[in-house]
Structures are given as C-alpha cells and as structure tokens.
Amino acid sequence: MKRIVALTLAGSLAMGLFLTGCSVEQVSTDTSTPVSSGSEGSANTGDRVLNVCNWGEYIDEDLITQFEEETGIKVNYQTAESNEALYSLLKSGGANYDVICPSDYMISQLIEEDMLQPLDYSKIPNFEKIDDRFKNLSYDPENLYTVPYTWGTLGIIYNTTMVDEPITSWSAMFDEKYAGDVLLINNSRDALGMALYYLGYSVNTTDEAQIREAFQLLSDAVSKGVYQSKVMDEAFQKMEQGNAAIATYYAGDYLTMLENNPDLAYVVPEEGSNWFVDAMCILKDAQNVDEAHEWINFLASTEANLANMDYIWYASPNAEALEQYPAYYEETYGEPLDMELYEIMAAPQEVLDRCESYLVLPEATRTLYNDLWIELGL
C-alpha cells in the first residue's frame, strides 16, 4: 500500500456559512505569513502570489512547494468542504480567490451567473493531455472556462464487521437496523441524490413531487434515528476508527480511509450513482490571472497528475497519467498495484454507464433543495 495520507491540513479557520455551516481551512506553505480571505495580490505588493481554493485532502502538498520553487509564485491555499459552501462564500464576498476547483454542476451555475472568466488556453499547453472524454462535457460544452482536475464516483463506504452482509443498494442509507451508525453526507445534492436514485428517479429531476418524495425518505430516516450526524471530511475519522458503520462518500476518499482501516469496503449501488468531474477555473474578478494560468497548466501536467493520483487516490483526466499510473505505482513501491483498487479509483465504463453526472438545476429547483435541506435539520 502507498503511504498514508495526512488527514488534516494546518491552520483551519472556522466560518459560519449559509446553507451548510461548514468550515474553511487555510493553508500557507510559509507559516510566517498568515493567510486571510482577502490575500494581497501581486498588483498591491509587487510580489507574485496566487489565491487558490480547493477541497480538503485533495492535493499532494509537495506540488504546492514545487510550484512555488519553480515559478517564484507564493500560493495561498485554502479549502472548502462542499460546492454549496464554496458558492456561499463566493456570493458573500468573504474571500478573494483566483483559482477554484468546483464540481461539474456548480461550474454550470457559476457560468450561468457570470462568475468565471474564459481561459487563455495558449497559456495552458498541458490541456492537450486531457483525455477527450473529459472535454466538451455538459458543464462547459465549448471548453471555454475549465481544465479538468480529477474525476470519480460517489458510493457507499461501509465497515464489513458492522453490517450483516455486503451492501449493494442505497436502501442501507435508510435502514432502521443501522440506526445511529449511518453518516449522512452534508450537502443537499448528494444526500437528496441518493434518495432519488433509490426511488428510481433521475438525479437531475426537476419534478417537485419526486424531490419531495426523496426528501421524505431522508426525513423519515432522521425521525427514526438512522443518521448519527451530517458529515463531510469528518467521515475520515469516523469510518477509519469504526465509529460509524455506513457513509456516503467518494471513491478516492474511500481508498485513503482503507489504508487506515482494512475492514472498509466500497460499492457503487445497483440503482446507480453520480460520477463527477472537478475542474479548475478562474474567477471573473481574479487579481492574479497570469499566475492562475501557470498553476492550472502545472497541475494539468502528466508529472503532477501522477503525483496527485498517488497521494489522493482520485483518478486523473490526463490520458498519459491514467495509463502510466499502474507502472508508476509499481516502480515507486516495488509491488504491483491492486487492480481492484485501481478500478475503484478509475471506474470502468460499465460502472459509469449506470451513473449520471449532475446537471445544473433551474433556480426554482435549487431554492427548493435549499429550503428542504434547512428543514431537514440534523
């Protein structure tokens, strides 16, 4: 097995956020310089800086240091725990980011609201290395705003010593016999999505009756005490230490958890699930645009993608890195890569064929999601 990924990033700053009440972690490779939401840009200081927001546990931090050493650009790196949390932070004006890495459906919403700027792809030559199947997708059909960063699936992580039999269905997320041992993912799109899948509806439905039926399924489970709590990155500790039996989370994070608890298993439920692409983009009001392009090009390289795959266990959209990773792993660790684990990280087409990508929902449907999520409580 590869090395164990560190589970915390230094310097966390808790912030109350509308919709999710999540926290934002702020990381600076120069501990003598505190990072603020409104980090000074190169225009003000004469120094080259870059303000980045990504997800927690989602980069090999050595790549940040390498980029800084190669370019002389100081990276202020922060994390948010969900797309909804990031969106709330951006809309509240609580941060000054240059580069963000949202998921597909949130990218569509940001484009719709004119919050992103078109990329200058002449400054991102490594874009050519992105596999064609990750280009011209529904969230950015003309490839104007984004460069894919990672992709993967959403599924169920479960502790094989704490359940009666292998889990195959989303029904486990609502089963009263596991009351108090189930973790509900703390974002409305994934939580309502798993209920929609279980009911046989499209995860992209705009039918209010179907969405309310999915909500009722969640609400009933809350009433029966099924869910221990809502979590995002807290799922790592709870699942690794056996403090919960079942969680909805992402394939790459499961593989990290597995290193610390070999009793864990992962499944994409038989009813289907979400497969996603997270992509790098530049905000319309970014102050450090040239630096942002350099960062995106650096992370799109084959070398950076191999290092990232090895560290975070999320699949790369870089065609060379995806093909080379098994050999890279064997050369690095002196043993063959377990191909069953590789197919969890980079799901084969037969798995993707029963999954859906999230599409951006109409504003009225997004408002309904938000209202129901607040009503759910927990």
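Positions are given from 1 along the sequence.
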TODO: State, to 0.1 Å, how close Leu359 and Asn204 come at their nearest heavy-atom pair, and which atoms those are.
DONE: N-OD1, 2.7 Å
Task: Heavy atoms of other groups near Glu323 CD, more than 12 under 6.0 Å - done: no
Task: Any side-chain heavy-atom pair of Cys355 and Tyr197 under 4.5 Å - done: no
Open item on the list: Main chain of Tyr358, side chain of Arg189: is a donor-acceptor contact present, judged purely on distance under 3.5 Å?
Closed with: no
Task: Thr365 OG1 to Leu368 CG distance, which is reported to the nearest 0.5 Å - done: 6.5 Å
Open item on the list: Take a 6.0 Å sphere around CD of Gln349 and say whether it holds more than 12 heavy atoms from other residues, nucleotides or ligands.
Closed with: yes
- [ ] Report yes or no: do Asn288 and Asp98 form a side-chain donor-acceptor pair below 3.5 Å?
- [x] yes
Open item on the list: What I want to check is whether the side chains of Tyr77 and Glu61 have a donor and an acceptor closer together than 3.5 Å.
Closed with: no
Open item on the list: If you define the side chain from C-beta out and look only at heavy atoms, does anything of Val277 sit under 4.5 Å from Pro317?
Closed with: no
Open item on the list: Would you say Leu378 ends up clustered with Tyr178 if hydrophobic residues are merged whenever their side chains have heavy atoms under 4.5 Å apart, either directly or through other cluster members?
Closed with: yes
- [ ] Establish whether Tyr328 and Leu299 are linked, either directly or via other cluster members, by ILVMFWY side-chain heavy-atom contacts under 4.5 Å.
- [x] yes
Task: Closest non-hydrogen atom pair between Met232 and Asn186, with its separation - done: SD-N, 3.6 Å
Task: Atom pair CG/CD of Asn260 and Glu240 - distance to nearest 0.5 Å - done: 4.0 Å
Task: Backbone N/O of Gly377 and side chain of Lys230: donor-acceptor pair under 3.5 Å - done: yes
Task: Interatomic spacing from CE in Met115 to CE in Met106 - rounded to 0.5 Å - done: 9.0 Å
TODO: Nearest 0.5 Å please: distance from the NZ atom of Lys284 over to the CG atom of Leu90.
DONE: 14.5 Å
Task: Passing candidate, ring pair (Phe, Tyr, Trp, His ring centres under 6.0 Å) with Tyr250, options Phe236, Trp55, Phe276, Trp275 - done: Phe276
Task: Interatomic distance, Ile124 atom CD1 to Tyr121 atom OH [nearest 0.5 angstrom] - done: 6.5 Å
TODO: Tell me whether Leu119 is reachable from Leu144 by hopping between hydrophobic residues (I, L, V, M, F, W, Y) whose side-chain heavy atoms are closer than 4.5 Å.
DONE: yes
- [ ] Indicate whether any N or O donor in one side chain lies under 3.5 Å from an N or O acceptor in the other, for Asp310 and Tyr325.
- [x] yes
- [ ] Applying side chain to side chain contact (heavy atoms under 4.5 Å, CB included), run through Glu84 and Trp373 and close with a yes or a no.
- [x] CA-CA 12 Å; Glu84 289 72 22; Trp373 194 240; over 6 Å; no
Task: Flag for Asp62-Gln66: side-chain donor and acceptor within less than 3.5 Å - done: no
TODO: Taking atom types as modelled, find out whether Asn76 and Tyr97 have a side-chain donor-acceptor pair closer than 3.5 angstrom.
DONE: no
Task: Residue pair Trp313 / Glu259, side-chain heavy-atom distance below 4.5 Å - done: yes
Task: Minimum side-chain heavy-atom gap Met239-Asn261 below 4.5 Å - done: no
Task: Hydrophobic cluster identity match, Leu372 and Leu217, side-chain contacts under 4.5 Å - done: yes
- [ ] May I ask you to test the Glu320-Asn126 pair for a side-chain heavy-atom distance under 4.5 Å?
- [x] no
TODO: Report, as yes or no, whether the 6.0 Å neighbourhood of atom NZ on Lys123 holds more than 12 heavy atoms from other residues, nucleotides or ligands.
DONE: yes
TODO: Sort and list the pairs that fulfil side chain to side chain donor-acceptor pair (under 3.5 Å) and have at least one residue in residues 144-159, not counting sequence neighbours.
DONE: Tyr58-Thr150, Asp140-Thr146, Tyr149-Asn308, Thr153-Tyr266, Asn159-Thr161
- [ ] Look only at the side chain of Ser219 and the backbone of Phe215, and say whether a donor-acceptor pair between them is shorter than 3.5 Å.
- [x] no
TODO: Inspect the contact between Arg212 and Glu208 and indicate whether a charged nitrogen and a carboxylate oxygen are less than 4.0 angstrom apart.
DONE: yes
Task: Heavy-atom closest contact (Ala321 atom, Leu306 atom, distance) - done: O-CD2, 3.6 Å
Open item on the list: Under a 4.0 Å threshold between the charged nitrogen and the carboxylate oxygen, would Glu294 count as salt-bridged to Arg48?
Closed with: yes
Task: By side chain to side chain contact (heavy atoms under 4.5 Å, CB included) - contacts of Ser108 (at least two apart) - done: Tyr139, Val360
Task: Backbone of Ala244 reached by a side-chain donor or acceptor of Gln228 within 3.5 Å - done: no
- [ ] Find out if a path of hydrophobic residues (ILVMFWY) with successive side-chain heavy-atom gaps under 4.5 Å connects Val226 to Met162.
- [x] no
Task: Flag for Ser357-Asp104: side-chain donor and acceptor within less than 3.5 Å - done: no
- [ ] Taking the side chain as every heavy atom from C-beta outward, state whether Pro102 and Leu110 have any atom pair closer than 4.5 Å.
- [x] yes
Open item on the list: Check this for me: does any side-chain nitrogen of one of Lys74 and Asp47 sit under 4.0 Å from a carboxylate oxygen of the other?
Closed with: no
Open item on the list: Looking at every non-hydrogen atom in both residues, tell me the closest pair between Ala251 and Ile344 and how far apart they are.
Closed with: CB-O, 3.4 Å
- [ ] Would you indicate whether the side-chain heavy atoms of Gln78 and Asn54 approach each other to under 4.5 Å?
- [x] no
Open item on the list: Do Leu184 and Leu218 have side chains that approach each other closer than 4.5 Å (heavy atoms only, starting at C-beta)?
Closed with: yes
Task: Donor-acceptor contact below 3.5 Å, side chain Thr160 vs main chain Asp263 - done: yes
Open item on the list: Quick check: Tyr254 with Tyr249 (ring centres under 6.0 Å apart)?
Closed with: no
TODO: Mark yes when over 12 heavy atoms from residues, nucleotides or ligands other than Glu331 sit less than 6.0 Å from its CD; otherwise mark no.
DONE: no
Task: Ser316 versus Asn305, side-chain donor and acceptor atoms under 3.5 Å - done: yes
Open item on the list: Take a 6.0 Å sphere around CD of Glu350 and say whether it holds more than 12 heavy atoms from other residues, nucleotides or ligands.
Closed with: yes
Open item on the list: Donor-acceptor pair, distance only, cut-off 3.5 Å: does the side chain of Gln117 make one with the backbone of Leu283?
Closed with: yes
- [ ] For Ser202 and Glu356, test the side chains for any donor-to-acceptor distance below 3.5 angstrom and give the result as yes or no.
- [x] yes
Open item on the list: Tell me whether Glu271 contacts the main-chain N or O of Tyr198 through its side chain, where contact means a donor paired with an acceptor under 3.5 Å.
Closed with: no
TODO: Answer with yes or no whether the side chains of Asn83 and Ser103 bring together a donor and an acceptor at under 3.5 Å.
DONE: yes
TODO: For the pair Thr367 (side chain) and Glu363 (backbone), establish whether a donor and an acceptor sit closer than 3.5 Å, ignoring hydrogens and angles.
DONE: yes
Task: Side-chain (Tyr201) to main-chain (Glu213) donor-acceptor, under 3.5 angstrom - done: no
- [ ] Could you pull out the closest heavy-atom pair between Thr168 and Val267, with the gap in Å?
- [x] CA-CG2, 4.4 Å
Open item on the list: Do the side chains of Glu113 and Arg366 get close enough for a salt bridge, i.e. N-O under 4.0 angstrom?
Closed with: yes
TODO: Could you pull out the closest heavy-atom pair between Asp233 and Glu57, with the gap in Å?
DONE: OD2-CG, 4.4 Å
Task: Residues Asp338 and Tyr329: side-chain donor-acceptor under 3.5 angstrom - done: no
TODO: Applying side chain to side chain contact (heavy atoms under 4.5 Å, CB included), run through Leu255 and Leu341 and close with a yes or a no.
DONE: CA-CA 7 Å; Leu255 292 168; Leu341 297 184; 3.8 Å; yes
Open item on the list: Between Asp278 (side chain only) and Cys101 (backbone N and O only), is there a donor and an acceptor less than 3.5 Å apart?
Closed with: no
